[in-house]
Amino acid sequence: MKYEFKEIEQKWQKRWEEEGAFCAENGSDKEKFFGLIEFPYPSGQGLHVGHPRSYTAMDIIARKRRMQGYNVLYPIGWDAFGLPAENFAIKNNVHPAVITAKNIANFKRQLKMLGFSFDWSREVNTTDPEYYKWTQWIFLQLFKKGLAYKKEMPINWCTSCNVGLANEEVVNGVCERCGGEVIQKNQSQWMLKITEYAQRLIDDLDEVEFLEKIKTQQKNWIGRSEGAEVTFKLTTGDEMVVYTTRCDTLFGATYTVISPEHPLIAKLQDSLTNYDEIKAYQLEASKKSEFERTEMVKEKTGVKLEGVNAINPVTGEEIPVFVSDYVLVTYGTGAIMAVPAHDTRDWEFAKKFNLPIVEVVSGGEDVQKEAYTDVYKGTMVNSGFLTGKSVQEAIPAMIAYLEEKGLGTKKVNYKLRDWVFSRQRYWGEPIPIVYCEKCGYVPLPEDQLPLVLPDMEEFKPGENGESPLANATEWIQTTCPCCGGPAKRETDTMPQWAGSSWYFLRYTDAHNSDELSSKEALNYWIPVDWYNGGMEHTTLHLLYSRFWHKFLYDIGLVPTKEPYQKRTSHGMILGENGEKMSKSRGNVVNPDDVVNEVGADAFRTYEMFLGAFDQSTPWSQQGLRGCYRFIEKVWNLQSIMTEEDGYSADMEKLMHKTIQKVGEDFERMKFNTAIATMMSFINEVTKKGSITKGEYMTLITLLNPVAPHMTEELWEMYGDGGLLSLHAWPEFDESKTVDDQIEVVLQINGKIRDKIMISAELNPQEMQEAALASEKVKELIAGKEIVKCIAVPKKLINIVVKG
RNA sequence: GCGGGCGUGGCGGAAUUGGCAGACGCGCUAGACUUAGGAUCUAGUGAUUUUAUCGUGGGGGUUCAAGUCCCUUCGCCCGCACCA
């Protein structure tokens, strides 16, 4: 019978849908499994071959869990707000909602043709008012708890998208999305206090099973550092607080530096004799984009503040104060004490401005030639009461001293900044806040949610970077919920990350119109048991959604501190030439073409077989053919199938081993070796020339999570009835996976000389005897002295000889 | 610069705790069949000077035994990047 994948695949997709085979059950007393993949942004390009890599992997896990008797939730939805649809809308004069609906329809078609076991009845769409009602609701809760606030601040501004960006969205000084230039711009912005959760976002990583590299990346991004704030008195009588992680080197602080934006400069204006020069430097620094500022790393610039000095609190010495843009206003206190002997940046600056370099930690080379920055070796010198101590001892000793004298305090800092939550764009959730002259920023009453986006015809941003919503004159005018007076709506919208920060919660009870999700549903389904997604979302989506989840936990809405119990990630699929797939490189593979050519089952198999799941691998059209051949071979085994139900004696061991290996490999996401194991199995069967029905049915059950359609078809023809997708996962018998006769290797001086079949039960002594009985060994060790003999049960015997 | 990862045939990649390097697939070679195909089947396929020797980026070490552990060095990829 010919393998007609088109008919088979359509038939089963229809059948599964009709029977609601993959619908998760709320209120079940079965054990649950919540598997999650990152819901896609429905772009105009359609599905990329990268999407199915993650979706197939989690589909395999979800399908296996279902077969193991779990109540499985494997949902899907659309992260559909965002810039591309809006930009397309502006260019082509179509409403973003129209394009989005079209794109979703296309994505849906493509995902359905791949046979994922998604529970389509729980589909969510972030642009649906019934959905974003709750996104807005969460924002209101954040606002009420003081975690959302408006602030005039310099933000990253993409000159091409005309929109503000979060720090996380600026990559190498350019816009993450479009690559456009990013400048600093002052703008009043909604901010979320993610920094308040910084410590918990680090600490709670201990409770979850994320890949170690994901945890590391999150920690690095949050960037915790322990240090001290130290107060320097100025000769003008003012004070200046600096942040340092190396307070042990305070005796070596020979100057101080403040950032160009530091408010102290204005305050000192009257005392400064070179104020004009400083002013000019500030202006120059403000003109530089973030990119230029980091590009300038090699060459330090700065100006000395003439007319004022700082006093080193431990030496009492007067030291100069500089302004330089190598000090960032956004980190620490925006001011530092410079210890050129033990900090590379300070050293460079000191060399350029001819400032004294005083060694206070010995152990390095000449500090006049290079800064010595090691904190684990070295001894304090020239450091008063610290002299003789190690750096590790000196740090707490200095903190104790500073605290006692009231000169400073211990202080923890984070690199993490508050989240810039405003976007001056149309295609996002409206921020449910009104501004009243009398009452200030007032939250919209919850019963007025959702605050629906006004229908507009023009989506271009306003003149000076205003949101397009600023042109929705009627929509803006409203009354203040507080005093009833005239008020204006907020025109900024939320960033794309808003809708994706909580979407997994909505899946648990997707159609609830009274609550975000019912308490029962949340308590049952949350946390997500296993979340797979891309590494590129580690510092954006993952961090943001953990933050929101913790907030929702704090207000008693969700049952767990962490949203995701386990997080894994997949590697990228590259073009056939080994480069990243892109239109401009002309190496894009379209899933539609692939499915058309070899079918969904072979496509899914190849996606899982092409390489190690967590590594980047190039696509190969030939490799795809290989997987098609495999699927077809499995199909053709029908022609050699016997009617026997169980396993034949000579295949039993291999069958049990195969069940064990495939199951274990799926769990470890070693899909490539799981498939290789099944390939080996059919190679054996083919060699033998026959397969029992029992063996065949077990094989297709193992293969079902990978290639669900074809196996379902075979099950219908030969199986026990019902859907294979809901049939029990095969069991294996541990005792039947072990061989009693095994081949062991005989080595002489570590070199392989022979192989013998022996009983697996043999102890090392018996193994040694068996080895010495080998003709080949006898010959090779004749006349030589046996120094020692190592026998590793079930593996090898190594005879060490001399002479 | 800091953090993470990687380096194995012609290619993608296998190899729990150190224990037969190259599973599986692709490609290639030869043969079979043929309605001549991007089909299928069979056999072979790390290298070489082939009773054997050498082989996991390079060099050194530990060990009876190293892709795996230690030191050193080179190269590539990803993330962060003046965070005091």
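Protein chains get the first letters and strands the later ones, always in sequence-line order, with residue 1 at the start of each.
Across all strands shown, B:rU35 forms no Watson-Crick or G-U wobble pair with both key distances under 3.5 Å. Using the Watson-Crick or G-U wobble rule with both distances under 3.5 Å, B:rG46 pairs with B:rC54. The partner of B:rA66, taking Watson-Crick or G-U wobble pairs whose two distances both stay under 3.5 Å, does not exist in any strand shown. Under the Watson-Crick and G-U wobble criteria, each requiring two contacts below 3.5 Å, nucleotide B:rA14 is left unpaired. Pairing partner, B:rG9: none, since no Watson-Crick or wobble contact has both distances short of 3.5 Å. Base pairing annotation: B:rG3 forms a Watson-Crick or G-U wobble pair with B:rC78, both donor-acceptor distances under 3.5 Å.
Aromatic ring centroids of A:Phe609 and A:Phe630 lie 6.0 Å or more apart. Between A:Tyr606 and A:Trp619, the gap from one ring centroid to the other is short of 6.0 Å. For A:Phe353 and A:Tyr255, the distance between ring centers is not under 6.0 angstrom.
Between the CG atom of A:Leu543 and the C1' atom of B:rC80 there is a distance of 14 Å, rounded to whole Å. A:Leu250 has its CG atom 13 Å from the C1' atom of B:rA84, to the nearest Å. Atoms CD1 (A:Ile214) and C1' (B:rC78) sit 13 Å apart, rounded to a whole Å. Residue A:Glu370 contributes atom CD, which lies 12 Å from atom P of B:rG1 at whole-angstrom precision. Between A:Phe210 atom CZ and B:rG4 atom C1' the separation is 17 Å, expressed in whole Å. Across the protein-nucleic acid pair, A:Leu574 atom CG and B:rG13 atom C1' stand 14 Å apart, rounded to whole Å. Rounded to an integer number of Å, the gap from A:Arg417 CZ to B:rC80 P is 14 Å. Look at CE on A:Met669: it is 19 Å from C1' on B:rA14, rounded to the nearest Å.
Counting heavy atoms of neighbouring residues, nucleotides and ligands inside a 6.0 Å radius, atom CD of A:Glu365 does not exceed 12 of them.
Comparing B:rC54 with B:rG22, their C1' atoms sit 15 Å apart, to the nearest whole Å. Comparing the P positions of B:rG55 and B:rA21 gives an interatomic distance of 12 Å, to the nearest angstrom. Nucleotides B:rC70 and B:rC24 have their C1' atoms positioned 33 Å apart, rounded to a whole Å. Look at the P atom in both B:rU45 and B:rU35: the space between them is 32 Å, to the nearest Å. For B:rC11 and B:rA47, the P atoms lie 12 Å apart once the distance is rounded to whole Å. B:rC80 sits 34 Å from B:rA15 when the C1' atoms are compared, rounded to a whole Å. Taking the P atoms as reference points, B:rU68 lies 23 Å from B:rG3, given to the whole Å. Atom name C1', nucleotides B:rU62 and B:rG18: the rounded distance is 12 Å, in whole Å.
Residue A:Leu328 places its side chain closer to B:rA84 than to any other of B:rG38, B:rA84, B:rG79. Of all nucleotides listed (B:rA81, B:rA84, B:rC82), B:rC82 comes nearest to the side chain of A:Lys300.
Map A:Glu743 and A:Leu610 each onto its nearest nucleotide of RNA chain B; the residue landing nearer the 5' end is A:Leu610. Taking the nucleotide of RNA chain B with the nearest heavy atom to each of A:Lys670 and A:Val745, the more 5' of the two is matched to A:Lys670.
Using modelled atom types, one finds a donor on one side chain and an acceptor on the other under 3.5 Å when comparing A:Asn596 with A:Lys6. Checked by atom type, the side-chain pair A:Arg417/A:Thr195 shows no donor-acceptor distance below 3.5 Å. Checking A:Gln199 against A:Arg224 by side-chain atom types alone, a donor-acceptor pair falls below 3.5 Å. The closest side-chain donor-acceptor pair between A:Tyr326 and A:Asp346 falls under 3.5 angstrom. Side chains of A:Tyr331 and A:Ser225: a donor on one and an acceptor on the other come within 3.5 Å. Of the N and O atoms on the side chains of A:His537 and A:Glu38, at least one donor lies less than 3.5 Å from an acceptor on the other residue. Side-chain polar atoms of A:Asn532 and A:His570 form a donor-acceptor pair below 3.5 angstrom.
At a cut-off of 3.5 angstrom, counting only N and O atoms as typed in the model, there is no donor on one side facing an acceptor on the other between the side-chain of A:Lys795 and the base of B:rC20.
Taking syn as a glycosidic angle within 90° of 0, B:rG9 qualifies as syn. Base orientation at B:rU56 is anti, since its O4'-C1' glycosidic dihedral falls outside 90° of 0.
Note on ring orientation: taking the six-membered ring where Trp is involved, the planes of A:His342 and A:Tyr372 are perpendicular (angle over 60°, cut-offs 30° and 60°). Ring planes of A:Phe671 and A:Phe666: tilted class, angle from 30 to 60°.
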Check nucleotides 45-55 of chain B for protein N or O atoms closer than 3.5 Å to its own N or O atoms and list the pairs.
from: B:rU53; atom 1: OP1; to: A:Arg753; atom 2: NH2; distance (Å): 3.2

Would you tabulate the nitrogen or oxygen pairs shorter than 3.5 Å linking the protein to nucleotides 23-28 of chain B?
from: B:rG25; atom 1: OP1; to: A:Asn683; atom 2: ND2; distance (Å): 3.2
from: B:rC26; atom 1: OP1; to: A:Arg629; atom 2: NE; distance (Å): 3.1
from: B:rC26; atom 1: OP1; to: A:Arg629; atom 2: NH2; distance (Å): 2.9
from: B:rG27; atom 1: OP1; to: A:Gln622; atom 2: OE1; distance (Å): 2.7
from: B:rG27; atom 1: OP2; to: A:Arg629; atom 2: NH2; distance (Å): 3.3

Which atom pairs link the protein and nucleotides 62-66 of chain B when you take only N or O atoms and keep those under 3.5 Å?
from: B:rC64; atom 1: OP1; to: A:Lys788; atom 2: NZ; distance (Å): 3.2
from: B:rC64; atom 1: O2'; to: A:Asn798; atom 2: ND2; distance (Å): 3.1
from: B:rC64; atom 1: O2; to: A:Asn798; atom 2: ND2; distance (Å): 2.6

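Within the 3.5 Å criterion, the main-chain N or O of A:Thr538 finds a donor-acceptor partner in the side chain of A:Gln218.
Proximity of A:Tyr331 to the phosphate of B:rA84: a side-chain N or O atom is located under 4.0 Å from OP1 or OP2.
Contact annotation for A:Glu576: no contact, since no heavy-atom pair falls under 4.0 Å across all strands. At the heavy-atom level, A:Lys755 lies under 4.0 Å from base atoms of the strands shown. Within the 4.0 angstrom heavy-atom criterion, only backbone atoms of the sugar-phosphate kind lie near A:Ile752; the bases stay farther away.
Between A:Lys670 and A:Glu664, no side-chain nitrogen of the basic residue sits less than 4.0 Å from a carboxylate oxygen of the acidic one, so the salt-bridge criterion is not met.
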